[in-house]
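Heads up: the structure comes next, in structure tokens.
Because the structure is predicted, anything quoted here is derived from the model rather than measured. Side chains included, hydrogens not; waters and symmetry mates left out as well; all remaining heavy atoms used.
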Amino acid sequence: MAETPVIHVLNGPNLNLLGVREPDIYGHDTLADIEQRCVKAAAKVEGGATVVFRQTNHEGVLVDWIQEAREGADALIINPAAYGHTSVALHDALKTLSIPVIELHLSNPAAREAFRHHSYVSSAATGVIAGFGAVGYELAVQAALTKVRERG
């Protein structure tokens, strides 16, 4: 691949509180720790990759960033947090992408409350990684870059 791939990693509401919010569910890593995990995982790939890492508590901002990824990203990783269970807008924005999309959750929503069992994001994603805590982000970076390489 001639150019360095660009991966957008988008994080939804309350993920700015990682490390202090329900650490028994979400772990002790902060969002800054997780960003560093993503950067390191991207650097391990031959030729490396650029990681654009963002978090917002606002649904419309996530939609804007997804639309931005249409032109500026080779792959998108999204931890939609609670919006995964409620947002048709995220689903619709993700459906406009022609790049690999990885849905990511720190916990396993299927093993939690019933309202978390459905995701509007899943049907628009290339794949889903859930339940591996912070290491899930590293797995998502690896999966996204594998998909980018497969596409050529």
If you compare all heavy atoms of [X] against all heavy atoms of [Y], which two are closest, and at what distance to 0.1 Å?
X	Y	result
Ser107	Ile25	CB-CG2, 3.9 Å
Glu59	Ala89	OE2-CB, 3.9 Å
Ile102	Ala143	CD1-CB, 4.3 Å
Leu97	Ala69	CD2-C, 4.2 Å

Residues clustered with Val6, ILVMFWY side-chain links under 4.5 angstrom: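 ILVMFWY cluster around Val6 also holds Val52.
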Members sharing Tyr120's hydrophobic cluster (side chains within less than 4.5 Å):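 Grouped by the 4.5 Å side-chain rule, Val88 form the rest of the cluster around Tyr120.
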What residues, two or more places apart in sequence or in another chain, satisfy ring pair (Phe, Tyr, Trp, His ring centres under 6.0 Å) together with Phe132?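 Testing Phe132 for ring pair (Phe, Tyr, Trp, His ring centres under 6.0 Å), a comparison that skips the adjacent residues, returns none.
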Going by atom type alone, with no hydrogens or angles, which donor-acceptor pairs under 3.5 Å involve a side-chain atom of residues 121-128 and a protein atom two or more places apart or on another chain?
from	atom 1	to	atom 2	distance (Å)
Ser122	OG	Glu103	OE1	2.5
Ser122	OG	Ser119	OG	3.3
Ser123	OG	His91	NE2	3.3
Thr126	OG1	Val101	N	3.0
Thr126	OG1	Val101	O	3.4

Mind checking the [atom1]-[atom2] spacing from [X] to [Y]? Nearest 0.5 Å is all I need.
X	Y	atom1	atom2	value
Leu106	Ile34	CG	CD1	5.0 Å
Asp33	His28	CG	NE2	11.5 Å
Leu90	Lys95	CG	NZ	14.0 Å
Leu104	Asn79	CG	CG	5.0 Å
Ile77	Cys38	CD1	SG	6.0 Å
Glu150	Leu145	CD	CG	11.0 Å

Scan the side chains in residues 9-18 for donor-acceptor partners under 3.5 Å anywhere in the protein, sequence neighbours excluded, and list what turns up.
from	atom 1	to	atom 2	distance (Å)
Asn11	OD1	Tyr137	OH	2.5
Asn11	ND2	Arg54	O	3.0
Asn16	OD1	Gln55	NE2	3.4

Evaluate the side-chain proximity of Pro100 to Leu76: yes if any heavy-atom separation is below 4.5 Å, no if none is.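 No. Closest side-chain heavy atoms not under 4.5 Å.
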Any non-hydrogen side-chain atom of His8 less than 4.5 Å from a side-chain atom of Trp65?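 They are not in contact (no side-chain heavy atoms under 4.5 Å apart), so the answer is no.
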Can you tell me if Thr96 uses its side chain to pair, donor with acceptor, with the backbone of Ala93 under 3.5 Å?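 Side chain of Thr96 to backbone of Ala93: a pair is present.
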Under 6.0 Å from the CD atom of Glu46, do we count more than 12 heavy atoms belonging to anything else shown?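 Incorrect, the count does not exceed 12.
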May I ask you to say whether Arg151 pairs ionically with Asp74, meaning some side-chain N is under 4.0 Å from a carboxylate O?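 Salt bridge absent between Arg151 and Asp74.
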ILVMFWY network linking [X] to [Y], side-chain heavy atoms under 4.5 angstrom:
X	Y	answer
Val135	Tyr26	yes
Val148	Leu94	no
Ile129	Ile78	no

When you look at Val45 and Arg149, which way does the side-chain contact (heavy atoms from CB on, under 4.5 Å) test go after all the steps? CA-CA 11 Å; Val45 175; Arg149 280 192 307 273; 3.3 Å; yes
Does Asp64 have any side chain to side chain donor-acceptor pair (under 3.5 Å) partners at least two apart in sequence or in another chain, and if so, which?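 With neighbours one apart ignored, the set is empty.
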